[in-house]
Amino acid sequence: MWERSEGKISTIHHVGQSKWAEMAAWETLDDETQKEVILRKLDQRIMKKEFKIGYLKHKVETLKMMKQAMKKK
């Protein structure tokens, strides 16, 4: 878990292991498949942003409702 490097102690992170496997597999794909994978990853990013926008809209509406309720009292 700990690695000693140049007199300093730091933790070893295992987060990037799947990324290396993905990079190795990437090299074996043809151009058309690589393009399709890139498009899918872009779609994933778009979906994530759209979800966040929807969530924030809901949150703003809720805050506005709370504000209106507070003003009525």
Residue pairs, two or more places apart or on separate chains, that pass side-chain hydrogen bond (donor to acceptor under 3.5 Å, both in side chains) and touch residues 26-36: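 Every side-chain hydrogen bond (donor to acceptor under 3.5 Å, both in side chains) pair that includes a residue of residues 26-36, provided the two are not neighbours, is Asp30-Thr33.
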
From [X] atom [atom1] to [Y] atom [atom2], the distance as rounded to the nearest 0.5 Å:
X: Met47; Y: Glu50; atom1: CE; atom2: CD; value: 8.0 Å
X: Lys52; Y: Lys59; atom1: NZ; atom2: NZ; value: 12.0 Å
X: Arg45; Y: Lys49; atom1: CZ; atom2: NZ; value: 7.0 Å
X: Glu61; Y: Leu63; atom1: CD; atom2: CG; value: 10.5 Å

Leu42 with Leu29, same ILVMFWY side-chain cluster at under 4.5 Å: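 They do share one cluster, since a chain of ILVMFWY contacts under 4.5 Å joins Leu42 to Leu29.
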
Residues in salt bridge (charged side-chain N to carboxylate O under 4.0 Å, His left out) contact with Glu22, at least two apart in sequence or another chain: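 For Glu22, the residues satisfying salt bridge (charged side-chain N to carboxylate O under 4.0 Å, His left out) (neighbours in sequence not counted) are Lys41.
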
